[in-house]
There are 2 protein chains.
Amino acid sequence: MRILVVEDDVNLNRQLTDTLKEAGYVVDQAFDGEEGHYLGDGEPYDAVILDIGLPEMDGVTVLEKWRSAGKAMPVLILTARDRWSDKVAGIDAGADDYVTKPFHVEEVLARIRALIRRAAGHATSEIVCGPVRLDTKGSKATVDGVALKLTSHEFRLLSYLMHHMGQVVSRTELVEHMYDQDFDRDSNTIEVFVGRLRKKIGNDLIETVRGLGYRMQPPGMASKEAKS
Amino acid sequence: MRILVVEDDVNLNRQLTDTLKEAGYVVDQAFDGEEGHYLGDGEPYDAVILDIGLPEMDGVTVLEKWRSAGKAMPVLILTARDRWSDKVAGIDAGADDYVTKPFHVEEVLARIRALIRRAAGHATSEIVCGPVRLDTKGSKATVDGVALKLTSHEFRLLSYLMHHMGQVVSRTELVEHMYDQDFDRDSNTIEVFVGRLRKKIGNDLIETVRGLGYRMQPPGMASKEAKS
DNA sequence: TCAGTTCATGCGCATTCTGGTGGTCGAAGA
DNA sequence: TCTTCGACCACCAGAATGCGCATGAACTGA
């Protein structure tokens, strides 16, 4: 984990840096707005501690520049206690958190930990199988980057297969997970949907295991048995 | 966006609630820890304002119970100025933010806005989707730069959809976040509002995903039928 | 009254289901 | 090894279902 500290007060900067390093982080330092902006723009940080009152370039400006350039790393801003409007400005500029001076260093540490933990939670929930990508959060799927148009049952089927990649999934298992309770087991709906899915994502991905069910696997990893 | 306020001071609670409602949020109130815990456990909130000093059940305890039950909504805690150890305890219990009493209500509002948009993964106070811009700070929206005239429910709908851009949002989810507690789920109100919104912002932006719900996306990213 | 919201109705059509037909696979016997 | 047979599976196309939308009337609170 790499952290940037932008703070013009040399003592405070060192104090923060030392504490963070002690906690196991890698830390870069900047002592004015311009330097801070340059570093934050070019290097990949997991979090930034940014003082609002800075020489050369104001903290809020730095933050705005980062955000409008698409930088999304979590930023913790430091403000003076009596400048509560600074906080509001900072937050609206895209700060993820703030601490008012004077502060306890442990508190900053706790908040940085929280920020990093939270940022990790935003990792997109995607499952990939060969050319197929499933975005479980957005209920979307793509093949070779092209968005697929799937009906809700088709999507549920694909989703279940991809969540159990490499495993053989029986028809009854699929039925039970795609439908609520009572469903006429003597129908070939599953086969129909498998057929439709194959038509959309390509035939190679869903393998049928005769007598048992279906298995989804990236092509190339297909079971190469009895090829002799 | 639906918010829970847990605060035993009746005046403060009402003050917060009024301000939030004015800003367009749906607000539920609780006046002690037990009631707060019960509501937060059962209803889906987009954010919670939680006082630490509460009768019946301590704020930190409430928060811990929620977190260990898997509730992940952003929580803003209110602490007394001189009790900085409370803050650390609250943060360690899983609070996303804190404000010390006494505070400016605007500050709480700004932080709630920040929490909600951050939970949705947005860095700035403005969310853009194609020609539509949502200004979470001013509770306004524009299409191609022209201000939209939206009723409060229309705005809430648009806001929720834009905060969850790219994701499929179900009808029940929308109902739960646009209304407080009791609402007849068996009606087509949501569909009516979606229809009205589409009329105002254009048909292309809100895609309906049959059987699942609605998804807001910039045009051009719309799903294209895969060639069979 | 009027703007905003909710409810009820009917239509159009995407989606899903069904039954039938023909194809494929694999085991067993010659 | 080749053939045969039964079980299993893929595909098709028509039928049925029920979802989503538009519309307008009823309702409600400023």
Side-chain angles (χ1 to χ4, degrees), chain A residues 139 148-158 161 168-175 177-216 222-223 225-228, chain B residues 18 21-22 24 26 139 148-158 161 168-216 222-226 228:
Chain A
S139 300
L148 268 184
K149 193 172 180 204
L150 297 176
T151 70
S152 62
H153 280 198
E154 284 164 4
F155 183 82
R156 256 178 262 164
L157 173 62
L158 178 64
L161 286 172
V168 175
V169 181
S170 73
R171 242 168 294 268
T172 49
E173 200 180 336
L174 285 170
V175 165
H177 284 88
M178 288 174 62
Y179 297 91
D180 39 4
Q181 282 138 11
D182 23 60
F183 182 80
D184 181 15
R185 271 84 190 286
D186 294 347
S187 84
N188 64 347
T189 31
I190 294 297
E191 290 155 41
V192 171
F193 278 112
V194 170
R196 288 228 292 266
L197 244 191
R198 284 212 254 242
K199 214 174 252 176
K200 292 186 179 181
I201 69 173
N203 286 326
D204 312 336
L205 293 161
I206 304 175
E207 179 187 357
T208 114
V209 182
R210 215 179 160 76
L212 293 178
Y214 299 92
R215 171 169 49 203
M216 184 148 189
S223 42
E225 56 208 82
K227 204 52 186 276
S228 61
Chain B
D18 288 352
K21 281 187 175 166
E22 227 165 82
V26 179
S139 298
L148 266 183
K149 196 177 176 219
L150 297 176
T151 70
S152 64
H153 279 66
E154 285 165 2
F155 182 81
R156 262 179 245 163
L157 174 61
L158 178 64
L161 286 173
V168 173
V169 181
S170 74
R171 243 167 292 268
T172 48
E173 197 181 336
L174 285 170
V175 165
E176 281 170 348
H177 289 268
M178 288 172 61
Y179 297 89
D180 47 6
Q181 271 143 347
D182 22 60
F183 183 81
D184 181 16
R185 273 85 191 283
D186 293 348
S187 85
N188 62 349
T189 323
I190 296 297
E191 289 155 44
V192 172
F193 278 113
V194 169
R196 289 230 287 276
L197 241 192
R198 284 211 254 241
K199 224 170 246 174
K200 293 188 179 180
I201 67 173
N203 286 327
D204 311 336
L205 292 162
I206 304 175
E207 180 187 357
T208 115
V209 183
R210 200 164 233 267
L212 292 179
Y214 299 93
R215 171 170 48 209
M216 185 148 189
S223 334
K224 280 158 205 155
E225 182 80 51
S228 54

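Letters go in sequence order (proteins before strands), and every chain restarts at 1.
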Next on the checklist: My understanding is that only one of Val168(A), Val169(A), Ile201(A) makes a side-chain contact (heavy atoms from CB on, under 4.5 Å) with Met216(A); could you say which?
Outcome noted: Ile201(A)
Just the rounded figure in Å: distance from [atom2] of [N] to [atom1] of [X].
X: Phe155(B); N: dT5(C); atom1: CZ; atom2: P; value: 13 Å
X: Leu157(B); N: dG4(C); atom1: CG; atom2: C1'; value: 15 Å
X: Leu197(B); N: dA22(D); atom1: CG; atom2: C1'; value: 16 Å
X: Lys200(B); N: dG4(C); atom1: NZ; atom2: P; value: 7 Å
X: Arg156(B); N: dT6(C); atom1: CZ; atom2: C1'; value: 14 Å
X: Glu207(B); N: dC21(D); atom1: CD; atom2: P; value: 11 Å

Checklist entry - Angle class for the His153(B)/Phe193(B) ring planes (parallel below 30°, perpendicular above 60°, tilted otherwise)? => result parallel
Verify, without hydrogens or angle tests, whether [X] (side chain) and [Y] (backbone) share a donor-acceptor contact under 3.5 angstrom.
X: Glu191(A); Y: Asn188(A); answer: no
X: Glu176(B); Y: Glu173(B); answer: no
X: Arg215(A); Y: Glu207(A); answer: no
X: Lys21(B); Y: Val26(B); answer: no

What's touching nucleotides 8-11 of chain D from the protein side, N or O pairs under 3.5 Å?
unit_1: dC8(D); atom_1: O2; unit_2: Arg210(A); atom_2: NH2; d: 3.2
unit_1: dC9(D); atom_1: OP1; unit_2: Arg171(A); atom_2: NH2; d: 2.7
unit_1: dC9(D); atom_1: OP1; unit_2: Gly211(A); atom_2: N; d: 3.0
unit_1: dC9(D); atom_1: OP2; unit_2: Arg171(A); atom_2: NH2; d: 3.0
unit_1: dA10(D); atom_1: OP1; unit_2: Arg198(A); atom_2: NH2; d: 2.3
unit_1: dA10(D); atom_1: OP2; unit_2: Tyr214(A); atom_2: OH; d: 2.7
unit_1: dC11(D); atom_1: N4; unit_2: Asn188(A); atom_2: ND2; d: 2.9

Next on the checklist: Whether Thr151(A) contacts dT16(C) is assessed here as follows: a side-chain N or O lying under 4.0 Å from the phosphate OP1 or OP2. Is that the case?
Outcome noted: yes
Next on the checklist: Check this one for me: any side-chain N or O of Thr189(A) less than 4.0 Å away from OP1 or OP2 of dT15(C)?
Outcome noted: no
Checklist entry - Between Leu150(A) and Lys200(A), is a side chain to side chain contact (heavy atoms under 4.5 Å, CB included) present by the stated rule, with each step listed? => result CA-CA 9 Å; Leu150(A) 297 176; Lys200(A) 292 186 179 181; 3.8 Å; yes
Checklist entry - When the C1' atoms of the five terminal pairs at each end define the local axes, what inter-axis angle does the helix from dT1(C)-dA30(D) to dA30(C)-dT1(D) show, to 10 degrees? => result 40°
Checklist entry - Got a sec, which residues hit ring-ring contact (aromatic ring centres under 6.0 Å, His included) with Phe155(A), two or more places apart in sequence or on another chain? => result none
Checklist entry - To the nearest 0.5 Å, what is the distance between CG (Leu197(A)) and CD1 (Ile206(A))? => result 5.0 Å
Next on the checklist: I want to confirm an ordering. Mapping Phe193(A) and His153(B) to their closest nucleotides on DNA chain C, which one lands closer to the 5' end?
Outcome noted: His153(B)
